[in-house]
Amino acid sequence: MPPHTQRLAALALCAGLAAGPVTATVLTAEQLNVYRDGSSADWLLGNNRLLGDAFDNGNPLVGPAFSSTGTAATYNLLGAASAGVVSLAAREQNGQLLLDPNFGSVSPNAAGASGTSLRLRLLTNISNAGGGLNIGQTFAATLRLSLSAAPDPGQTFGLRLTDGGIATSNNDVVELFWSGNASGGNIVFRKQDFDLGLVSGLGSAAVAAPAHAAMLVLSLAHNEVDSNLISGSYNYADSNGQLLGSFTTFGNRAVAFQGESHTRVELRATGLTAPVPEPGTWALMGAGLALLLGRRARRAT
């Protein structure tokens with residue numbers, strides 16, 4: 001290896017050691033809406049809204065009242081690294097929800113791949129057929145994410161419908177999320193089946209925000225009574241929350257409700273997935289380390 005390459009390797013190694021752990025971007029949500037009964041046409045008009053949380057009361061674990069009961073909505077934070085970081089992992093600030101995966105713990109997905117994950121689960125009734133998100137009713141959940149806080153490559157921000165904590169099995173986790181990459185990211189629709197150990201992709205589209213867009217709008221919907229199918233769609237909105245055009249819906253739908261009658265809404269942020277260095281990178285790092293150790297040995301003598 002030429003001397004100048006050795007010097008660069010040593011400098012790169014030193015810079016990497018000095019930089020320390022990389023901090024992931026924080027999910028920044030503007031609004032969560034949950035609708036029940038009616039159709040997508042009703043929901044677009046703001047009708048049949050079960051919950052509209054603008055994240056503006058300063059408490060991420062308590063929301064406004066459900067329209068059906070008049071009682072305040074509550075959330076559970078799942079996946080925090082410890083009880084001491086809960087107030088840092090999820091917080092409300094300036095009318096936004098901040099969900100910080102840097103304070104999340106490591107957990108596996110259905111296929112066994114591990115990563116840092118933090119989830120905020122909306123608690124809805126799972127014993128009363130009319131009290132939650134039930135297969136016998138139509139419903140939808142819509143999350144608005146700030147486009148100014150894009151996930152880094154290796155991160156995801158999004159929305160889930162899950163039967164975790166409801167049935168004895170955990171086979172229905174339907175996800176719609178913004179996956180970060182160097183080109184602005186993709187919108188990904190998929191299903192995780194933890195019983196079978198499968199992660200099934202159902203659709204993907206590049207993030208392509210139109211002019212004046214300030215938010216990415218993600219929506220998961222159960223459009224047909226007694227159907228076990230969930231659809232995923234997305235749109236964009238301006239800084240006032242006005243939708244910019246029509247929703248784009250993925251052609252495939254996810255199969256849910258296998259052994260249970262209810263589902264729950266979760267917001268989810270994942271941390272950075274550290275890339276595995278290429279063999280050439282390992283060689284460069286090794287050469288840099290050897291150079292530094294050789295210099296130290298010569299100085300010692």
Side-chain angles (χ1 to χ4, degrees), residues 27-78 90-92 94-97 99 119-146 158-166 172 174 176 215-227 229-235 237-238 240-243 246-247 249 256-257 260-268:
L27 178 153
T28 304
E30 307 282 352
Q31 178 92 19
L32 173 67
N33 290 320
V34 180
Y35 303 91
R36 195 178 64 193
D37 298 321
S39 66
S40 57
D42 297 309
W43 305 332
L44 283 170
L45 294 173
N47 299 327
N48 302 85
R49 189 162 70 172
L50 179 67
L51 179 72
D53 194 343
F55 308 122
D56 55 1
N57 69 353
N59 187 348
L61 302 182
V62 178
F66 287 112
S67 62
S68 61
T69 63
T71 59
T74 57
Y75 298 84
N76 270 355
L77 182 66
L78 306 173
R91 58 192 189 277
E92 289 185 0
N94 301 323
Q96 295 175 320
L97 170 70
L99 195 60
R119 295 170 288 142
L120 193 65
R121 177 183 293 170
L122 176 65
L123 300 180
T124 48
N125 195 309
I126 59 171
S127 59
N128 177 359
L133 304 182
N134 180 267
I135 191 172
Q137 297 174 288
T138 58
F139 59 82
T142 301
L143 177 66
R144 298 181 178 227
L145 295 171
S146 173
L159 182 68
R160 314 207 307 175
L161 293 175
T162 175
D163 65 8
I166 294 176
D172 297 316
V174 180
L176 184 64
M215 307 175 200
L216 172 63
V217 186
L218 304 176
S219 180
L220 290 171
H222 179 243
N223 299 100
E224 303 168 19
V225 171
D226 293 327
S227 167
L229 298 177
I230 302 292
S231 62
S233 58
Y234 64 93
N235 202 343
D238 63 20
N240 295 316
Q242 184 67 38
L243 293 175
S246 302
F247 276 87
T249 302
F257 299 112
E260 66 284 334
S261 60
H262 289 78
T263 190
R264 279 177 164 169
V265 175
E266 285 184 357
L267 281 60
R268 182 173 183 249

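A quick note: this is a predicted structure, and the numbers were derived from the prediction, not measured.
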Heavy-atom pair with the smallest gap, counting every atom of [X] and [Y]:
{"X": "Thr138", "Y": "Gly38", "result": "OG1-O, 2.7 Å"}
{"X": "Leu159", "Y": "Leu220", "result": "O-CD1, 3.8 Å"}
{"X": "Gly158", "Y": "Leu218", "result": "CA-CD1, 4.1 Å"}
{"X": "Asp37", "Y": "Trp43", "result": "O-NE1, 2.8 Å"}
{"X": "Pro60", "Y": "Leu97", "result": "CB-CD1, 3.8 Å"}
{"X": "Leu122", "Y": "Ala73", "result": "CD1-CB, 4.0 Å"}

Any donor-acceptor pair under 3.5 Å from [X] side chain to [Y] backbone:
{"X": "Asn57", "Y": "Val62", "value": "yes"}
{"X": "Ser67", "Y": "Arg49", "value": "yes"}
{"X": "His262", "Y": "Asn128", "value": "yes"}
{"X": "Asn48", "Y": "Tyr35", "value": "no"}

- Query: Does one side chain, of Ser231 or Asn223, offer a donor that lies under 3.5 Å from an acceptor on the other?
  - Reply: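 Ser231 vs Asn223: donor-acceptor pair found between side chains.
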
Quick one: pull up [atom1] in [X] and [atom2] in [Y] and give me the separation to the nearest 0.5 Å.
{"X": "Leu99", "Y": "Leu145", "atom1": "CG", "atom2": "CG", "result": "10.5 Å"}
{"X": "Gln96", "Y": "Gln31", "atom1": "CD", "atom2": "CD", "result": "12.0 Å"}
{"X": "Phe257", "Y": "Leu133", "atom1": "CZ", "atom2": "CG", "result": "7.5 Å"}

When you compare the side chain of [Y] with that of [X], does any pair of heavy atoms fall below 4.5 Å?
{"X": "Thr124", "Y": "Val265", "result": "no"}
{"X": "Thr263", "Y": "Ile135", "result": "no"}
{"X": "Val34", "Y": "Phe66", "result": "no"}

- Chi angles and distances behind the side-chain contact (heavy atoms from CB on, under 4.5 Å) call for Arg264, Ile126: CA-CA 9 Å; Arg264 279 177 164 169; Ile126 59 171; 3.7 Å; yes

- Item | Derivation and outcome, salt bridge (Lys or Arg N to Asp or Glu O under 4.0 Å), residues Glu266 and Arg160 | CA-CA 5 Å; Glu266 285 184 357; Arg160 314 207 307 175; 3.1 Å; yes

- Task: Please step through side-chain contact (heavy atoms from CB on, under 4.5 Å) for the pair Leu243 and Leu44, ending with a clear verdict.
- Result: CA-CA 9 Å; Leu243 293 175; Leu44 283 170; 3.9 Å; yes

- Message: For Ser146, run the side-chain contact (heavy atoms from CB on, under 4.5 Å) check against Leu27, Thr28, Leu216 and tell me which one passes.
- Response: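 Among the candidates, only Thr28 passes.
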
